[in-house]
S.K.: 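This is the structure I have questions about; it appears just below.
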Amino acid sequence: MTVQAGTVTGGGSSGALRAVGRVVVLVAILGFVLYPLLWMLGSSLKSPTEVASNLSVIPTEPTWANYPDGWSYIKGISFGRFFTNSLVIALATVVANGVSCLVTAYAFARLHFRGRRVWFAVMIATLLLPSHVLIIPQYVLFNYFGWIDTPLPLIVPKLLATEAFFVFLMVQFMRGIPRELDQAAKIDGCSPYGVFRYVILPLSRPALVTTAIFSFIWTWNDFFTQLVYLPSPSSYTVPIGLRLFIDSSGQTSLGPMFAMSVLSLAPVFLFFLAFQRMLVEGINTSGLKG
């Protein structure tokens with residue numbers, strides 16, 4: 001009995017040590033990943049001279065002046081204008097991607113029409129095409145429409161299901177939904193539109209949320225496309241507005257820039273936090289709950 005007790009105690013101790021070791025490793029990885037964010041947060045509270053001299057995360061003399069200075073750094077334009085422009089474009093893109101990609105995915109996954117496999121393969125092939133090669137023809141087209149310096153070039157194409165990745169994501173999700181549900185709905189008198197409305201749409205909520213989260217993050221962080229189509233400062237978004245903290249001589253207002261960078265992370269963090277449970281559900285489920 002004594003030997004057995006010692007064995008159990010030894011096994012419990014080794015298990016506890018392994019658990020502690022895993023926690024230490026996870027905390028170390030977490031600290032390594034979060035260090036740039038913590039450093040940016042600390043630098044947003046440093047004076048301009050301390051940003052260059054103090055490499056520590058914690059500022060020696062914290063100052064909140066960088067936030068009001070950064071908010072009104074651009075003469076004649078508040079940084080809030082950039083936030084408003086980014087929110088309008090990002091939210092409109094979320095809605096446009098969600099609606100167009102969902103309808104397109106339903107057609108590929110559930111409807112039968114001539115050339116369906118060919119068109120699906122063509123859509124997947126567009127994922128291999130770098131987006132930068134389309135910038136010039138798209139710019140010429142949008143300039144002909146008179147859309148330059150408006151949000152339209154960034155929103156209208158999303159209404160045409162141009163994001164093949166999200167279409168593919170939803171198609172794969174819908175293929176996991178049993179077709180028996182479609183047949184049951186048709187027996188009850190539903191048309192293909194009714195099947196989409198009462199069967200596919202409610203079950204596709206996790207995939208829609210996943211599309212919404214990635215659409216918002218990618219649009220909010222986009223710099224190149226918005227720089228091309230939005231030339232005037234009044235239409236700038238947050239990524240372009242942060243570039244204005246570097247003047248023509250290369251001098252940078254680091255403190256205010258870091259302060260506005262911290263604020264620019266807040267919408268992305270809050271959007272992800274609000275829908276993270278559904279994002280995990282969209283990755284782990286196939287459309288049905290047990």
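Side chains are part of it too, since the values below use all heavy atoms of this structure and drop only hydrogens, waters and symmetry mates.
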S.K.: Is any side-chain heavy atom of I135 closer than 4.5 Å to a side-chain heavy atom of F224?
M.R.: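 I135 vs F224: side chains touch.
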S.K.: Restricting to non-hydrogen atoms, name the atom on A164 and the atom on T126 that form the minimum distance, rounded to 0.1 Å.
M.R.: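 Minimum heavy-atom contact is CB-OG1, 3.5 Å.
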S.K.: Could you give the distance from CG (L102) to CG (L208), rounded to the nearest 0.5 Å?
M.R.: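 One finds 5.0 Å between CG of L102 and CG of L208.
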S.K.: Would you find a donor on one side and an acceptor on the other, under 3.5 Å apart, between the side chain of Q226 and the backbone of N221?
M.R.: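 No: the side chain of Q226 does not pair with the backbone of N221.
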S.K.: Taking only residues at least two apart or on different chains, which pairs with a member in residues 146-155 satisfy side-chain hydrogen bond (donor to acceptor under 3.5 Å, both in side chains)?
M.R.: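 Sorted result for residues 146-155: D149-S232, D149-S235.
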S.K.: Measuring from L154:CG to T237:OG1, what's the distance to the nearest 0.5 Å?
M.R.: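 Reported to 0.5 Å precision, the distance equals 8.0 Å.
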S.K.: Taking only residues two or more places apart in sequence, or in another chain, which ones meet D182 in a salt bridge (Lys or Arg N to Asp or Glu O under 4.0 Å)?
M.R.: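 Partners of D182 by the salt bridge (Lys or Arg N to Asp or Glu O under 4.0 Å) criterion, ordered by chain and then number, come out as R110.
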S.K.: Taking P157's backbone N and O only, do any of them form a donor-acceptor pair with T162's side chain (distance below 3.5 Å, no angle check)?
M.R.: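 The answer is yes, because a donor-acceptor pair under 3.5 Å joins these two groups.
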S.K.: Honestly curious: do L244 and V228 fall in one hydrophobic cluster under the side-chain, below-4.5 Å linking rule?
M.R.: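 No, because L244 and V228 fall into different hydrophobic clusters, even though each may have its own neighbours under 4.5 Å.
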S.K.: List the atom of M174, the atom of S204, and the distance in Å for their closest heavy-atom pair.
M.R.: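 Minimum heavy-atom separation between M174 and S204: CE-OG, 4.0 Å.
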S.K.: For S56, which residues count as a side chain to side chain contact (heavy atoms under 4.5 Å, CB included) partner, sequence neighbours excluded?
M.R.: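 Only N54, I58 meet the side chain to side chain contact (heavy atoms under 4.5 Å, CB included) criterion with S56.
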S.K.: Which heavy-atom pair separates G70 from P256 by the least distance, and what is that distance?
M.R.: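 Scanning both residues completely, I find the closest heavy atoms to be CA-CB, 3.6 Å.
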S.K.: Let me check something: any side-chain donor-acceptor pairs from residues 74-91 under 3.5 Å, sequence neighbours excluded? List them with distances.
M.R.:
{"residue": "S78", "atom": "OG", "partner": "W71", "partner atom": "NE1", "Å": "2.9"}
{"residue": "S78", "atom": "OG", "partner": "G80", "partner atom": "N", "Å": "3.1"}
{"residue": "R81", "atom": "NE", "partner": "S234", "partner atom": "O", "Å": "3.3"}
{"residue": "R81", "atom": "NH2", "partner": "S234", "partner atom": "O", "Å": "3.4"}
{"residue": "T84", "atom": "OG1", "partner": "G80", "partner atom": "O", "Å": "3.0"}
{"residue": "N85", "atom": "ND2", "partner": "R81", "partner atom": "O", "Å": "3.3"}
{"residue": "N85", "atom": "ND2", "partner": "S234", "partner atom": "O", "Å": "3.1"}
{"residue": "N85", "atom": "ND2", "partner": "Y236", "partner atom": "O", "Å": "2.8"}
{"residue": "S86", "atom": "OG", "partner": "F82", "partner atom": "O", "Å": "3.3"}
{"residue": "S86", "atom": "OG", "partner": "V238", "partner atom": "N", "Å": "2.9"}

S.K.: Nearest 0.5 Å, what's the OH-CG distance between Y73 and L242?
M.R.: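 Nearest 0.5 Å value for the OH-CG distance: 12.0 Å.
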S.K.: Do L181 and L203 make a side-chain contact, defined as non-hydrogen atoms from C-beta onward lying under 4.5 Å apart?
M.R.: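 Touching, per the 4.5 Å side-chain cut-off.
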S.K.: Between W220 and S264, is there a donor-acceptor pair closer than 3.5 Å when you use the side chain of the first and the backbone of the second?
M.R.: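 Yes, the answer is positive, given that a donor and an acceptor are paired below the 3.5 Å cut-off.
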S.K.: Taking atom CZ of F269 as the centre, report whether more than 12 heavy atoms of other residues, nucleotides or ligands fall under 6.0 Å from it.
M.R.: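 Not more than 12 within 6.0 Å, no.
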S.K.: Could I get the full list of side chain to side chain contact (heavy atoms under 4.5 Å, CB included) partners for L128, not counting sequence neighbours?
M.R.: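 Partners of L128 by the side chain to side chain contact (heavy atoms under 4.5 Å, CB included) criterion come out as none, since no residue qualifies.
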S.K.: Can you tell me how far the CZ atom of R197 sits from the OG atom of S191, to the nearest 0.5 Å?
M.R.: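 So the gap between those two atoms works out to 12.0 Å.
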S.K.: Are F216 and P267 packed together at the side-chain level, in the sense that at least one heavy-atom pair is separated by less than 4.5 angstrom?
M.R.: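 Yes, their side chains come closer than 4.5 Å.
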S.K.: If you take all heavy atoms of A161 and T104, which pair is closest and at what distance?
M.R.: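 Of all heavy-atom pairs spanning A161 and T104, the closest is CB-OG1, 3.3 Å.
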S.K.: Can you confirm whether F168 is buried at CZ, in the sense that more than 12 heavy atoms of other residues, nucleotides or ligands lie under 6.0 Å from that atom?
M.R.: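 No, because the 6.0 Å sphere around CZ of F168 holds 12 heavy atoms or fewer from other groups.
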S.K.: Provide the closest heavy-atom pair for M40 versus S261 in the form atom of the first, atom of the second, distance.
M.R.: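 For M40 versus S261, the nearest heavy atoms are SD-CB, 3.6 Å.
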S.K.: Looking at residues at least two apart in the chain, or sitting in another chain, which of them share a side chain to side chain donor-acceptor pair (under 3.5 Å) with S47?
M.R.: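 Partners of S47 by the side chain to side chain donor-acceptor pair (under 3.5 Å) criterion, ordered by chain and then number, come out as T49.
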S.K.: Can you name the closest pair of heavy atoms from I155 and A92 and give their distance?
M.R.: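 Shortest heavy-atom separation between I155 and A92 comes out as CD1-CB, 3.5 Å.
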S.K.: Going by side chain to side chain contact (heavy atoms under 4.5 Å, CB included), name the residues that satisfy it together with R117, two or more places apart in sequence or in a different chain.
M.R.: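 Partners of R117 under the side chain to side chain contact (heavy atoms under 4.5 Å, CB included) test: none.
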S.K.: Any ring pair (Phe, Tyr, Trp, His ring centres under 6.0 Å) pairs touching residues 176-206, not counting sequence neighbours?
M.R.: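 Qualifying pairs, neighbours excluded: Y106-F196.
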S.K.: Is the shortest heavy-atom distance from the side chain of I148 to the side chain of P231 under 4.5 Å?
M.R.: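 A side-chain contact under 4.5 Å exists here.
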S.K.: Flag the pair F271 / I213 as yes when at least one side-chain heavy-atom distance between them is below 4.5 Å, and no otherwise.
M.R.: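 F271 vs I213: side chains touch.
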S.K.: Can you tell me how far CD1 of I124 sits from CZ of F165, rounded to the nearest 0.5 angstrom?
M.R.: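 Result: 10.5 Å between the selected atoms.
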S.K.: Can you give me every donor-acceptor pair (side chain of residues 26-35, partner residue at least two apart or in another chain, under 3.5 Å) with its distance?
M.R.:
none

S.K.: Using the ring of each side chain (for Trp, its six-membered ring), is F108 parallel, tilted or perpendicular to F113, with breaks at 30° and 60°?
M.R.: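 Tilted.
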S.K.: Kindly check if the number of other-residue, nucleotide or ligand heavy atoms within 6.0 Å of CH2 (W218) is above 12?
M.R.: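 Correct, the count exceeds 12.
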S.K.: Can you list every side-chain hydrogen bond (donor to acceptor under 3.5 Å, both in side chains) pair that touches residues 57-70, not counting sequence neighbours?
M.R.: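 For residues 57-70, and leaving out neighbouring residues, the side-chain hydrogen bond (donor to acceptor under 3.5 Å, both in side chains) pairs sorted by first residue read S44-Y67, E50-T60.
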S.K.: Should M170 and V103 be regarded as members of a common hydrophobic cluster, given that ILVMFWY residues are connected when their side-chain heavy atoms come within less than 4.5 Å of each other, either directly or indirectly?
M.R.: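 Yes; V103 is reachable from M170 via cluster members.
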S.K.: Flag yes if L230 and Y144 sit in one hydrophobic cluster, no otherwise; membership is Ile, Leu, Val, Met, Phe, Trp, Tyr, and two members link when side-chain heavy atoms are under 4.5 Å apart.
M.R.: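 Yes, L230 and Y144 fall within the same hydrophobic cluster.
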S.K.: Strictly by side-chain hydrogen bond (donor to acceptor under 3.5 Å, both in side chains), give each pair with a member in residues 163-180 just once, sequence neighbours left out.
M.R.: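 Residue pairs passing side-chain hydrogen bond (donor to acceptor under 3.5 Å, both in side chains), neighbours aside: K158-E163, Q172-R175.
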S.K.: Are L169 and L127 connected into the same hydrophobic cluster when the rule is that any two of I, L, V, M, F, W, Y join if their side-chain heavy atoms are below 4.5 Å apart?
M.R.: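 Per the 4.5 Å side-chain linkage, L127 and L169 are not co-clustered.
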S.K.: Identify, with sequence neighbours excluded, every residue that meets side chain to side chain contact (heavy atoms under 4.5 Å, CB included) alongside A185.
M.R.: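 Result, side chain to side chain contact (heavy atoms under 4.5 Å, CB included) vs A185: C190, V195, V199.
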S.K.: Let me check something: do I217 and F223 share a hydrophobic cluster, defined by ILVMFWY side-chain heavy atoms less than 4.5 Å apart, either directly or through other members?
M.R.: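 I217 and F223: one cluster.
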S.K.: Report the distance from atom CG of L254 to atom CZ of F258, rounding to the nearest 0.5 Å.
M.R.: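 The CG atom of L254 sits 5.5 Å away from the CZ atom of F258.
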